[in-house]
Asker: 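One structure coming up, written as structure tokens, with questions to follow.
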Amino acid sequence: MPELQDLYDIHRKPTGEVAQRGMPIPEGRYRLGVQVWIRNDAGQFLLSQRHPCKKKPLYWEPTGGAVDAGEDTRAAGVREVREELGVSLEPKSLELIRTTLRSDVPEFLDAYLACWNGSIEELKLQENEVVDARWADYDELAELESRGVFAEDYRGLFGYVQKTPAAVCEMRPADYDEVIRLWRSMPGMGLNNLDDSREGIERFLRRNPGTSFVVRTAEGLMGSVLCGNDGRRGYLYHLAVSPELQGRGLGRALVQSALGALRREGISKAGLMVFVSNEAAGRFWDRMGFSDRSDVRYRSIRLFEMEEIHT
């Protein structure tokens, strides 16, 4: 029986059409694909080696593949990991970390992060798909890439969390519920009912695409930073990392991601505001290289009445 895939339009809306796997996809139509980055508590990545009869023979890669008709990408990720590696993951254990429209094939690719601490000896490799498997740390990914046997885009997700089982992802409007829950749980945050409402954050992200970030682990969203610019200066807001993961470099990773995004937009300077009473935050920003200004005084005016929320 032929394997079928659902087709979608450019906005990822289902069209009701299907295509047989391996056959050309009509112009203006797209399929779904999935990729699962499995990391252990040591921060290593579980890679599989492609069968020599497949495209990109003997390449190393995270587990993934096509999404069957009637499946969503999360279910497909669980199935691919079970079929190719013999590892059973719970669907809720997969954290979505990136969605991209691929340039080489007509496909929306969803990348997930999962945690698994088993050994290579426990795996049951699918004979016609996978010939080997290994754990690799971040430096080993780079080494495989230099040898021309690994070609996945890993730096954007893991470049600032090389040893921590996490991923740094662009903040999306869909992250709002998790983000606001984190902010409200953190001491020393200054929120308000307008700028930090769902509508306020969505407006900010629309005006500043690609410069705000979250950290995700297999347990969910564990950190965030808002970042934007006015075309001249960049501004950072609401940096937060869940207490149980503080001290592991996640705050630094979020700031580095935000500053890197500002640099790519040609912004030469960035600033932020810190409550004087938040001494721990002051020490963190000192370590990040942000200096105090004693020669200026910050002033503001309210254009709308708002309710301030201090955590």
Side-chain angles (χ1 to χ4, degrees), residues 34-46 62-64 72-82 87-100 108-118 138 154 156-189 191 196-198 200-202 204-205 210-227 236-258 309 311:
V34 64
Q35 184 180 67
V36 183
W37 292 89
I38 298 175
R39 301 190 76 174
N40 60 18
D41 288 343
Q44 295 174 305
F45 301 84
L46 182 59
T63 302
D72 60 26
T73 56
R74 188 183 302 272
V78 170
R79 173 181 54 75
E80 290 284 345
V81 172
R82 183 181 63 252
V87 174
S88 295
L89 299 175
E90 291 294 327
K92 64 182 179 181
S93 71
L94 271 63
E95 278 291 314
L96 181 66
I97 55 176
R98 182 169 60 193
T99 294
T100 55
F108 290 101
L109 179 65
D110 286 351
Y112 289 89
L113 177 68
C115 181
W116 184 70
N117 287 292
Y138 186 89
Y154 63 97
L157 291 172
F158 308 113
Y160 295 121
V161 284
Q162 297 182 12
K163 300 183 183 302
T164 304
V168 179
C169 325
E170 289 185 11
M171 187 185 294
R172 304 168 299 141
D175 295 326
Y176 178 78
D177 289 336
E178 293 174 281
V179 167
I180 194 67
R181 190 181 306 121
L182 174 67
W183 292 344
R184 288 172 175 168
S185 73
M186 301 296 297
M189 297 289 285
L191 309 173
D196 301 306
S197 66
R198 186 182 302 274
I201 297 302
E202 289 180 355
F204 185 90
L205 295 178
T211 57
S212 297
F213 296 89
V214 299
V215 163
R216 288 192 174 276
T217 71
E219 285 72 45
L221 189 147
M222 293 295 177
S224 69
V225 65
L226 280 178
C227 178
L236 281 70
Y237 309 90
H238 295 354
L239 175 69
V241 174
S242 189
E244 62 266 33
L245 288 179
Q246 291 180 8
R248 301 187 65 178
L250 299 185
R252 176 179 293 272
L254 286 164
V255 174
Q256 289 174 323
S257 298
I309 305 165
T311 61

Asker: Hey, could you give me the CZ/CG distance between Arg39 and Leu46, rounded to the nearest 0.5 Å?
Answerer: 12.0 Å

Asker: Could you tell me which residues satisfy salt bridge (Lys or Arg N to Asp or Glu O under 4.0 Å) with Glu219, sequence neighbours excluded, listed by chain and number?
Answerer: none

Asker: Quick one: closest heavy-atom pair of Ala258 and Val225, and the distance?
Answerer: CB-CG1, 4.3 Å

Asker: Should Asp177 and Arg198 count as an ion pair when the cut-off is N to O under 4.0 Å?
Answerer: yes

Asker: Within a 6.0 Å radius of atom CD on Glu244, are there more than 12 heavy atoms belonging to other residues, nucleotides or ligands?
Answerer: yes

Asker: Between Ser197 (side chain) and Gly200 (backbone), is there a donor-acceptor pair under 3.5 Å?
Answerer: yes

Asker: Among residues at least two apart in sequence or on other chains, which ones pass salt bridge (Lys or Arg N to Asp or Glu O under 4.0 Å) with Arg181?
Answerer: none

Asker: Taking all non-hydrogen atoms of both residues into account, name the closest pair between Val36 and Ala114 and its distance.
Answerer: CG1-CB, 4.3 Å

Asker: Enter the distance from Leu89:CG to Arg79:CZ here, rounded to the nearest 0.5 Å.
Answerer: 13.5 Å

Asker: So, does Gln246 use its side chain to make a donor-acceptor pair with the main chain of Val241 at under 3.5 Å?
Answerer: yes

Asker: Tell me, do Val214 and Glu178 make a side-chain contact under 4.5 Å, heavy atoms counted?
Answerer: no

Asker: Shortest non-hydrogen contact from Gly64 to Glu80?
Answerer: O-OE1, 3.3 Å

Asker: What do the steps show when you test Leu205 against Tyr176 for side-chain contact (heavy atoms from CB on, under 4.5 Å), and what is the final call?
Answerer: CA-CA 11 Å; Leu205 295 178; Tyr176 178 78; over 6 Å; no

Asker: How far apart are the C-alpha atoms of Arg172 and Leu96, what are their side-chain angles, what is the distance that settles it, and do they pass the side-chain contact (heavy atoms from CB on, under 4.5 Å) test?
Answerer: CA-CA 11 Å; Arg172 304 168 299 141; Leu96 181 66; 3.9 Å; yes

Asker: Please report the closest heavy-atom contact between Arg74 and Tyr112, naming both atoms and the distance.
Answerer: N-OH, 3.3 Å

Asker: To the nearest 0.5 Å, what is the distance between OH (Tyr160) and CD (Gln256)?
Answerer: 5.5 Å

Asker: If we ignore angles and hydrogens, is there a donor and acceptor under 3.5 Å between the side chains of Trp116 and Ser93?
Answerer: no

Asker: Search all heavy atoms of Leu239 against all heavy atoms of Gly251 and return the closest pair with its distance.
Answerer: CD1-O, 4.1 Å

Asker: Measure across Thr217 and Ala166 and return the closest heavy-atom pair with its distance rounded to 0.1 Å.
Answerer: CG2-CB, 3.9 Å

Asker: Atom OG1 in Thr73, atom CZ in Phe108: separation rounded to 0.5 Å?
Answerer: 12.0 Å

Asker: Are Asp196 and Tyr237 close enough that some pair of their side-chain heavy atoms sits under 4.5 Å apart?
Answerer: no

Asker: So, the side chain of Asn117 versus the backbone of Asp41: is there a donor-acceptor pair under 3.5 Å, distance only?
Answerer: yes

Asker: The test is side-chain contact (heavy atoms from CB on, under 4.5 Å); show your working for Ile309 and Met189 and say whether it passes.
Answerer: CA-CA 8 Å; Ile309 305 165; Met189 297 289 285; over 6 Å; no

Asker: So, for Tyr154 and Phe45, is the gap between ring centers shorter than 6.0 Å?
Answerer: no

Asker: Rounded to the nearest 0.5 Å, what separates atom CG in Leu157 from atom OG in Ser257?
Answerer: 10.0 Å

Asker: Could you pull out all residues at least two apart from Phe213 that satisfy ring pair (Phe, Tyr, Trp, His ring centres under 6.0 Å)?
Answerer: none

Asker: Do the side chains of Thr311 and Trp183 get nearer than 4.5 Å, heavy atoms only?
Answerer: no

Asker: Should Met186 and Ser242 count as side-chain neighbours, where that means a heavy-atom distance under 4.5 Å?
Answerer: no

Asker: Set out, in order, the CA-CA distance, both residues' side-chain angles and the distance that settles side-chain contact (heavy atoms from CB on, under 4.5 Å) for Ile201 and Leu226, then state yes or no.
Answerer: CA-CA 9 Å; Ile201 297 302; Leu226 280 178; 3.8 Å; yes

Asker: Thinking salt bridges, do Arg216 and Asp175 make one under a 4.0 Å N-O criterion?
Answerer: yes

Asker: Going from CE on Met171 to CZ on Phe204, what distance comes out if it is rounded to the nearest 0.5 angstrom?
Answerer: 8.5 Å

Asker: Does any non-hydrogen side-chain atom of Val215 lie less than 4.5 Å from one of Arg248?
Answerer: no

